[in-house]
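Chain A is the first sequence line, chain B the second, and so forth, proteins listed ahead of strands; every chain is numbered from 1.
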Amino acid sequence: MTEKLVFNTSSVVSLDYFSVFSEYFISTSAIYILIICSLITYNTYNLIVQKALSNCIALILLMSCYLLLNDDCLTLNFLNFHNSIISDQLSFFTKFIICLFSAIYFFFIAGTLKEQNLVSFEYLVVVLLAVLGLITLCSSQDLLTAYLSIELISLSSYILASFKKTSSYSIEAGLKYFVTGAISSALFLLGSSFIYFFSGSLNIQDLQDLFADSLFSPNSSEIWQYYNIYENPINQEGASLEYHIQLFEILQQLNLPYLIEEMCQQYNFMLSYDVEASIVAHFNFLEYGLTLILFSLFIKLALAPFHLWSLDVYEGSPTPSSFFFAALAKLSIFVFLLRFCYIAFPELNHCWQFYSVCVGVLSVFVGSFGGLKQKKIKTLLAYSSTSHMGYALLAFSTAHSFGVQMLLFYLTIYMLSGLSTWFIFLLLRLKRKSTFQKHSKELGDFVLLRKANSMLALALSITMFSVAGIPPLVGFFAKMGVFLAVVKNGNFSIEFYSVALVSVLCSVISTFYYIRIVKVLYFENMVVGKLYYPINTYSTVLLGFLVFLLLFLFINPTLLYLVTYKVGFLFCPLISNL
Amino acid sequence: MVVISRHQVFSLLFLVGSFIFSAFLLIMIECEFLALLFVVIYVGAISVLFLFSVMMLESKFQNLSKNTIRYLPVSLLFGFFFTLPLVGALQSHFRSDLIDSPLSFLNSFRNWYDLIDSVKDVEAYGQILYSYYVFQLLVSGLILLVIIVGVVFLTNNFNQRYSKYQSVFKQLSRNSKPFLKKI
């Protein structure tokens, strides 16, 4: 009567197929642009190729979207490049969303670069390489690849933040961003070195095979049920001595002496093994590594209480750079967090779940209350970005596939409304008499927009209502989905009712500063407003399409819901809400 | 010698020396790649960085070893308690009961496997880095490209030929003799 132990094997296959077409295309086109444009503009510092280059890069990113859609192995779930690049539904969906929205970003900033005085082509090349970093982070299955992608994004962001050399705010923002980002990258490396020390591998699939289905993980009930061992393993009649010896032999082959030590403690089984040869590292080392990596990624996402750098950086950087940081750079870090926590370490309840819930609630609280007194627009949007990332983190911490679905939906809607917000903010160019009158930065610069450009005021108010979460717009569904996910009972989570209550109340409070913008647009009692340049047709069509999407997705969010449901359901096989 | 020199530049000289000697030690334990990395990064970048910062500070010669005798007892105490665990940790890894065995005259350890199949560590890096980790290598190349583009843009003054600036070198190298008058 020997029972066999079955370990859950890896659920992806490793293919010998070149699966990184879009990254390849973007990198070669970035190098090509660098060579050609430096030859064109080496002698002059004028505006030559800005607008054309920006539109060209947008077309490059749309082409990479097409390359993603046109892949032969689209419905497969496979690893590549020595198990470090994964091509599954999540990576495909997020890469497509990032390429599409980045293409829209490049279309948007084409016309505004001249008046921002960012006339050199290096700006666009650096943003393109940052987008490449975002894409490689979405499909990285390895801690090393993830670190390199994060560094690519971060280094490009430091350069983008300090791009305006004549403004001391910009240089200060770049320096602050550099110091904060360097510290968080160092903590990421420390955490991954702890994980490597403890497990011998950096690959997420290897970590899943080692730790997620191990015999001593308390959550893997499907393995315990085969052997009738539940709460009291010591006084068990059904388990024979041969079973213990078989277990011990297998564990010895795995060469994990700590497991032998734990097994001795659990089964009260005396062994004669070399005490000095066993590693004195406990399971806690893995939690240290996990917590450090989470800490570093929370710093990069500007969650509270690690959000203080983002206020000064978003305020001081040139507006297209803040646009990039706030709207585009957040989704891929969440994708890596999903892979890292849901697949590699579903030892949920005592490590990352509670930490994420606490940080999420604190971010929502700080983001809602911090923006109340703000008069500067970019700092206001930085606080709003902190609170949005707090909601997303709450959806992330729920540990079931409905939470993953709502997280992806929320981040897509956040990028959409962020694009509209920042684009409208960029479009408002003052017709100024002297160069002393700067670009509109304060809240009071929006007065009487209803007279100057009434459609733009309507678009901005619709976007603000969507960001606040008012019903006939899609932001309401996004927030509602997050709250539903938090109160849902799952396999590894409980219903966090108090968290949902606090988040709803803070959401109501944060509505104030979104509606205040609408108030300044429409209901301010001033006689003289500011005079703005008119907008060209091109930008109007794009902006109109985005605002239309915000309205249309409320009536029919089915496409987005369907895709995110499929991605969320297929993503975590061990943690389903069945 | 780094910590007891009279001037910072002497400390830097001894620091460069200690990095180079640690590179020699690394070569002796067959880690050539790490030794060359030490020379390139530590000596070539970090020591040069320190040298430039010391150059800009321009400190004078000070007699820093005036009060050494006063701190000697406490420093000996600290040094003893600092080196004692290190020596103890080293001693626990060596056994001293080989004096009776007939093999105790053989002081050399021969790794027979290395005669058949050994790869130097630079070759090993090349074999693994360019085959298994190609993608990561190319991404790190792109990271360095971003850094170069950013550095070239941020530190270049593109409008220099159009602006009037002072030439400090010419100002300082004036011959002051025709402009001084003896009273």
Side-chain angles (χ1 to χ4, degrees), chain A residues 18-20 23-24 26-28 30-31 34 38 41-46 80-85 118-123 125-130 132-133 136-137 139-140 142 144-166 170-171 174 276, chain B residues 31 33-34 37 41-42 45-46 49-50 52-53 56 85-86 88-97 119 121 123-165:
Chain A
F18 186 68
S19 66
V20 285
E23 288 95 333
Y24 178 66
I26 292 177
S27 57
T28 45
I31 296 172
L34 190 63
S38 61
T41 66
Y42 76 99
N43 219 3
T44 56
Y45 192 59
N46 291 334
N80 210 342
F81 285 102
H82 189 59
N83 298 346
S84 63
I85 300 285
L118 295 167
V119 291
S120 42
F121 74 96
E122 284 107 348
Y123 187 83
V125 172
V126 169
V127 180
L128 184 61
L129 287 170
L132 177 68
T136 48
L137 184 57
S139 58
S140 67
D142 205 22
L144 185 65
T145 318
Y147 173 70
L148 284 175
S149 312
I150 288 176
E151 278 303 292
L152 189 53
I153 302 169
S154 304
L155 282 169
S156 315
S157 303
Y158 308 154
I159 295 170
L160 291 176
S162 58
F163 212 78
K164 246 193 197 168
K165 294 192 286 186
T166 54
S170 174
I171 298 176
E276 284 158 351
Chain B
C31 301
F33 188 70
L34 201 59
L37 265 184
I41 292 179
Y42 278 125
I46 295 183
L49 177 71
F50 279 125
F52 272 99
S53 69
M56 283 197 274
L86 294 177
L90 273 179
Q91 267 193 342
S92 67
H93 286 280
F94 289 95
R95 293 165 58 167
S96 62
D97 57 352
V119 174
D121 65 336
E123 286 179 19
Y125 274 120
Q127 282 175 6
I128 297 177
L129 201 63
Y130 284 85
S131 63
Y132 284 143
Y133 295 106
V134 169
F135 187 75
Q136 281 86 343
L137 190 70
L138 293 174
V139 170
S140 25
L142 283 171
I143 291 176
L144 293 172
L145 181 69
V146 168
I147 292 175
I148 286 180
V149 168
V151 163
V152 163
F153 174 74
L154 287 174
T155 59
N156 237 344
N157 194 358
F158 291 107
N159 291 325
Q160 208 176 15
R161 66 178 82 180
Y162 303 119
S163 65
K164 298 187 193 290
Y165 59 96

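The part of A:T136 that comes within reach of chain B is its side chain, from C-beta onward, which places non-hydrogen atoms under 4.5 angstrom from that chain. Neither the backbone nor the side chain of A:S140 comes within contact range of chain B, judged by heavy atoms closer than 4.5 Å. When heavy atoms are compared at a cutoff of 4.5 Å, A:Y123 does not approach chain B at all. For A:I85, the part lying under 4.5 angstrom from a heavy atom of chain B is the side chain only. Proximity to chain B (any heavy atom under 4.5 Å) is shown, for A:L160, by neither the backbone nor the side chain. In this structure, no portion of A:V125 lies under 4.5 Å from any heavy atom of chain B.
The CG atom of B:L142 sits 5.5 Å away from the CD1 atom of A:I31 when rounded to the nearest 0.5 Å.
No donor-acceptor pair closer than 3.5 Å links the side chain of A:K165 to the backbone N or O of B:T155. Checked by atom type and distance alone, the side chain of A:S170 never pairs as donor or acceptor with a backbone atom of A:T166 at under 3.5 Å. For the pair B:D121 (side chain) and B:F33 (backbone), a donor-acceptor distance under 3.5 Å is present.
What you find for B:A124 and B:V119 is that their closest heavy atoms are N-CG1, 3.5 Å.
Along residues 148-155 of chain A, the residues that come nearer than 4.5 angstrom to chain B, judged on non-hydrogen atoms, are A:L148, A:E151, A:L152, A:L155 in order of number.
Using cut-offs of 30° and 60° on the angle between ring planes, the pair A:F163 and B:F153 is parallel.
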Evaluate side-chain contact (heavy atoms from CB on, under 4.5 Å) for A:L34 paired with B:V149, printing each intermediate quantity in order. CA-CA 9 Å; A:L34 190 63; B:V149 168; 3.7 Å; yes

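Other residues, nucleotides and ligands contribute more than 12 heavy atoms inside 6.0 Å of the CZ atom of A:F18.
A:F81 has its ring centre no less than 6.0 Å from the ring centre of B:Y132.
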